[in-house]
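Chain identifiers are assigned alphabetically (A, B, ...) following the order of the sequence lines, protein sequences preceding nucleic acid strands; residue numbering begins at 1 within each chain.
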Amino acid sequence: MELSEVQTVELLREYQVPLPISGIADSPDAARDLCAEIGGRSWVVKAGLRPDERVALEPRIECTSPDAVGRAAAALLGQAIEVAGTEVERALERVMVESVGEVKGEWYLALALDRVSSRIVLLGSTLAGQAVADIVRKAGPSVVRESVDPFLGLQPFQSRRFFLALGLPLELLPAATTALACLYRAFADLEATALEVSRFNLEGATLVARDITILFDHGALYRNPRLRGMIEQTDSTWPDVAAAEWDLGHVSMSGTVGLIVSGTALGAATTELLAEQGLTPRGVVDLGTEATAEAVMAALRLVLSHQDVRCVLLNVFAGFNRCDHVVEGIIRTMEGGDVVPPVVVRLNGTKVQEGLSRLRESGVAVSSTASLDEAIAMVVASYPDGTGSQR
Amino acid sequence: MELSEVQTVELLREYQVPLPISGIADSPDAARDLCAEIGGRSWVVKAGLRPDERVALEPRIECTSPDAVGRAAAALLGQAIEVAGTEVERALERVMVESVGEVKGEWYLALALDRVSSRIVLLGSTLAGQAVADIVRKAGPSVVRESVDPFLGLQPFQSRRFFLALGLPLELLPAATTALACLYRAFADLEATALEVSRFNLEGATLVARDITILFDHGALYRNPRLRGMIEQTDSTWPDVAAAEWDLGHVSMSGTVGLIVSGTALGAATTELLAEQGLTPRGVVDLGTEATAEAVMAALRLVLSHQDVRCVLLNVFAGFNRCDHVVEGIIRTMEGGDVVPPVVVRLNGTKVQEGLSRLRESGVAVSSTASLDEAIAMVVASYPDGTGSQR
Amino acid sequence: MSILLDEDTPVLVYGLPGIQADFYANVMLDYGTKVVAGVSPRHGGQRVLGRPVFTTTDECVRETGATAAIIFADADSMTDAILEVADAGIKLIVAISQGHRVTVWDKIGVARFLERWPESERPVLLGPEASGILSVGQAMIGVMSPHIFARGPVGVVTRAASLGYEAVARLTAAGIGQSTFVGLGADGVSGTEYVEMLAHFENDPATEAILLIGEPGGPAEAEAAAFAAGMLKPVVTFLPARPKPTGRGALAERIVEAFGDQAAGRIRQIASSGMIPVPHLGELTRTVADSLTRFTGSGRPKGLSQ
Amino acid sequence: MSILLDEDTPVLVYGLPGIQADFYANVMLDYGTKVVAGVSPRHGGQRVLGRPVFTTTDECVRETGATAAIIFADADSMTDAILEVADAGIKLIVAISQGHRVTVWDKIGVARFLERWPESERPVLLGPEASGILSVGQAMIGVMSPHIFARGPVGVVTRAASLGYEAVARLTAAGIGQSTFVGLGADGVSGTEYVEMLAHFENDPATEAILLIGEPGGPAEAEAAAFAAGMLKPVVTFLPARPKPTGRGALAERIVEAFGDQAAGRIRQIASSGMIPVPHLGELTRTVADSLTRFTGSGRPKGLSQ
């Protein structure tokens with residue numbers, strides 16, 4: 001789960017994180033005029049109002065004059081963005097303009113939950129503005145890290161050690177320690193799984209945290225209605241909203257099979273079996289371990305929302321899941337009509353007999369089996385021209 | 001540091017602790033009329049507006065009719081109370097009336113910091129309304145206890161185990177667990193050292209926490225301006241306020257020597273030496289480990305505020321304290337005049353030579369020595385009629 | 001023989017009575033598990049499935065001598081339930097969260113809590129969101145479907161529940177039975193790791209080979225590979241690559257993989273894998289069968305099963 | 001000889017430069033203490049008293065090999081400073097709080113933090129609000145006034161700073177010297193207890209008797225009494241009774257005394273005290289002198305001093 005940059009800034013401001021001054025504009029002229037209002041020596045124009053914009057567009061355009069800001073805004077505004085996980089396109093209607101001071105130093109900071117050691121990892125690098133993968137590759141050993149005990153939280157002495165190792169000037173330590181304490185507090189309070197500050201800048205005499213990403217796990221959302229509300233605000237992330245609502249995992253891919261599974265690892269193994277047959281999923285939806293009929297219905301709606309899905313494969317090996325509950329969701333969806341592509345159902349595990357019997361008795365038009373190999377064969381058979389033609 | 005009952009209730013209400021309905025009255029009639037307003041089957045009249053009232057007066061009068069409430073209020077109002085640690089008397093001006101429902105069960109609960117194990121002790125007993133010393137004596141092994149890890153806080157399972165062992169009915173566990181979680185949160189949040197609920201009652205179908213005491217250490221006050229403010233509101237606790245202001249410890253006793261020491265243990269040993277001579281302190285003020293001249297002045301003011309002090313003994317063996325700083329405070333106090341009783345100064349340790357020289361050079365009228373035995377002899381000599389006559 | 005669990009292990013069901021707890025307690029009983037009692041803060045004093053229900057785990061352990069537990073709890077009550085069960089001295093805990101998933105922060109808090117015990121005394125925690133443990137033909141503590149298992153020489157340890165079942169079903173269909181199946185639970189935050197299970201399987205006379213199912217590139221898998229290199233028994237691994245989420249969804253994982261507390265070890269260990277990889281699901285049974293013919297430990301004959 | 005500290009122990013001064021740190025670092029240096037460096041988050045890179053100042057304790061330990069530390073810090077910074085010093089591997093820590101007292105909650109947090117080390121590796125923490133440690137004629141880490149000490153056979157351990165000095169001054173005046181003086185700090189929350197020091201003194205060839213100064217009826221004193229019963233060397237105790245505060249000021253103490261984690265042990269141990277009590281301060285030197293004549297351990301002659 002990800003927030004837009006505007007939402008991120010709104011949240012972090014409450015934690016007294018030192019953030020850049022910014023504004024929002026809906027036209028090139030408005031963007032240009034913003035520069036005088038927000039001040040600064042240079043500016044960054046961003047498509048920061050929806051989470052998916054970060055992915056779809058160049059995330060930031062640096063400008064050294066108000067006119068350049070206007071041109072950057074013009075280049076962005078009106079561009080078409082595919083709503084993530086759907087085929088719907090919409091135009092970019094607003095841009096965000098951030099003021100930048102005289103940059104005298106730049107660092108990269110991130111906090112992440114380390115599930116293996118039950119600690120929080122704090123890491124930093126001088127490679128500001130780069131992706132963590134690049135930082136790993138380029139700066140491996142020079143990356144600075146601290147391990148934080150969740151029972152104690154980040155201690156000031158750790159912050160000082162961290163920033164000194166990153167080469168921050170001594171006189172900035174108190175301000176940097178305070179800023180990092182605010183970031184840590186937000187991270188812990190919001191139960192985030194990762195928080196990245198791509199640019200932790202010294203501008204003039206001031207520290208500014210820029211280009212921030214916060215990620216959350218599904219679990220954290222039900223406990224934090226405000227975060228949930230923020231994610232729901234953005235219609236563009238409908239798959240994310242559905243995923244949060246029904247605890248579904250969701251990954252978009254480029255194929256034509258709409259794949260629904262119980263568990264990401266089963267999804268991975270099923271994807272490999274499909275690949276053996278020349279097939280790729282369009283998307284993989286993970287029902288998790290305790291899917292209700294309603295969750296199954298939402299999962300089917302989610303894969304069917306991709307118009308290029310040619311076949312649906314639902315592969316559930318039930319433990320805590322129950323085949324009878326899954327079947328209930330399938331029947332209700334099929335009876336609701338409008339399901340065009342063929343649907344293959346593979347069920348095994350808890351209540352498999354009850355599930356398969358009920359499905360067959362219902363008379364809905366699905367192929368069903370308890371064997372995954374048979375199910376894969378049924379999917380292949382649903383491509384009358386062979387699977388090679390699938391895009 | 002202790003709060004009045006009204007202040008305690010005001011604080012705990014913010015933590016959603018289930019508290020009795022109560023009101024404040026300044027006349028017997030008003031107290032009687034309050035009964036109808038606050039409802040209830042019976043009432044308790046208390047002198048609950050200042051912390052020292054708990055000590056000076058019968059803490060609570062139980063009444064079964066509004067008329068009885070009026071009579072109880074009449075008995076209390078206008079009574080003279082000695083302001084703790086001073087000879088000033090003042091009249092009780094207001095009483096607190098609490099509504100009581102149909103009491104179906106009563107328990108005693110307390111939370112306290114266990115410095116030895118670095119844990120928080122939760123204890124409970126069925127001997128509601130009794131002093132902890134009596135509970136220890138009467139109920140020793142039947143007392144129920146839980147040990148709480150400060151890093152984890154009180155866990156619901158511990159509350160359930162605790163209340164079950166106390167014999168609470170199963171159906172009350174959720175409400176009792178919630179109430180105790182609120183109490184624990186207040187305890188931890190306010191950094192209290194002890195929190196006692198003398199009566200944790202089941203009244204009708206509701207749990208009510210009554211007759212609550214919260215204690216704080218000096219250290220916690222500087223971090224919590226609100227608490228500090230509450231304590232300062234009540235002029236009656238001037239010694240406490242002075243103690244908090246200068247980090248002084250203060251104990252009232254019944255003798256005539258105004259004793260100022262560096263450290264409670266040195267105070268205890270000095271008291272024993274005085275006792276050998278037939279003398280008892282009127283009060284013992286502890287300067288602690290880092291007394292400034294101002295703190296010494298406050299300590300002298302504090303012991304001199306007792307009009308029955310016949311001699312002042314200041315006994316400092318300095319380590320982190322410094323004799324030169326202590327002497328500064330003595331000289332400034334003596335030069336300010338109005339010091340009637342003889343003052344004996346014993347100094348040793350850090351900067352003792354500088355301190356004693358400066359004191360002698362100043363010419364202020366005190367006897368001084370580096371030896372405690374000599375100092376005790378000087379105190380004895382200041383009782384011209386012998387120490388047997390001291391009161 | 002088996003690891004951690006057999007037909008004499010006394011098991012308590014936390015959350016019994018309850019819809020899910022009732023259902024799976026019945027499955028467990030049918031399979032021969034020695035379910036001795038239920039624990040429910042709200043239903044103490046009742047009897048369910050012919051067993052007493054206690055209000056606290058402490059009391060239950062005192063009265064029944066239970067040494068293992070399965071917990072059915074909502075995400076919001078899960079931390080409290082695990083702490084209660086661990087605090088009562090239970091050393092084998094399967095945790096099944098109902099409804100919402102337990103937050104990763106809660107899971108980390110529980111794992112951090114378990115550090116209060118030295119490693120040798122620390123409870124084994126499977127979950128939250130685990131499948132549980134099943135010693136074939138003896139007992140089950142979990143939410144598996146017992147009909148897919150058959151007795152035999154393969155120990156199975158998996159983080160993935162469904163894929164673990166899939167693997168077991170394939171083994172059984174191919175005539176390769178299992179000794180004990182252990183589902184560690186998703187996310188890898190429980191504090192109980194593959195390595196601990198590998199050590200148990202290595203010492204279990206009934207186990208001749210181990211199938212480990214996980215994720216490629218994870219630090220726990222790397223640690224397991226290093227451990228497996230020193231084992232007598234073959235360890236077969238199936239680590240299907242998961243589709244990477246688009247966007248920056250995997251930021252935390254990438255950071256921890258690169259810089260987590262185990263990261264340095266991971267890089268060292270990946271080079272020297274002591275495990276036999278399964279290329280894809282279709283090859284699983286063949287790879288396991290091959291590995292069984294390799295094992296000659298304990299002086300027993302090589303062979304598929306015995 | 002001495003315990004924990006001698007003239008070769010490399011000591012860092014956290015909070016140097018600083019008014020109090022400067023003053024006591026000078027006293028320590030004058031006494032012969034091997035002060036190697038200062039640590040100050042704000043003054044790294046400077047030189048003070050001819051020693052380098054580092055920004056972090058980590059760096060200081062790496063560069064100077066310091067193994068002991070004295071911390072001068074405000075109440076609000078004390079927890080952070082102690083954690084920093086302990087995290088850097090320092091095993092003897094004296095903490096002196098400046099200005100306000102450290103809250104009891106903070107002290108408990110620090111003591112709880114130190115539990116991450118097994119007991120045998122846990123740092124010795126004297127304080128916050130301690131006097132420190134002084135090995136007579138060798139070195140001092142603390143805020144004592146060295147002129148009151150004289151070399152001799154009595155180990156002193158005290159929670160009370162001033163009363164400890166008073167006792168030492170009386171011993172010195174009576175011709176009875178000291179080996180090492182240890183001020184544990186007030187409140188008894190540091191996690192370092194009398195018992196640990198008694199064990200050190202028992203093994204120290206220079207110590208023939210121990211003087212323990214504390215409070216009557218405390219659980220730590222009771223634990224010490226039980227330990228002393230098994231020691232070869234005599235333990236003299238001076239436990240003056242403090243005036244009880246009026247009102248309910250001592251509620252926490254009363255609760256913990258009766259029901260704290262150590263309370264059960266306390267009741268058991270009070271009955272069998274292995275310590276020799278000092279009736280009042282005037283009797284202190286005589287009681288200690290008497291105890292010295294009793295000690296015959298290590299094959300050395302009995303005697304007041306040697």
Kindly compute the distance separating CZ (Arg161(B)) from OG1 (Thr56(C)), expressed to the nearest 0.5 Å. 7.5 Å

Hey, is Asp80(C) close enough to Arg160(B) for a salt bridge, meaning N to O under 4.0 Å? yes

Student check: side-chain heavy atoms of Leu83(C) and Phe157(B) closer than 4.5 Å: yes

Heavy-atom count check: over 12 atoms from other residues, nucleotides or ligands less than 6.0 Å from Glu14(B) CD? yes

What part of Arg42(C) gets closer than 4.5 Å to chain B, counting heavy atoms only: side chain, backbone, both or neither? backbone

Hey, what do you get for CG (Leu152(B)) to CZ (Arg116(C)), rounding to the nearest 0.5 Å? 6.0 Å

Looking at CD of Gln158(B) and CG of Asp87(C), how far apart are the two atoms once the value is rounded to the nearest 0.5 Å? 6.5 Å

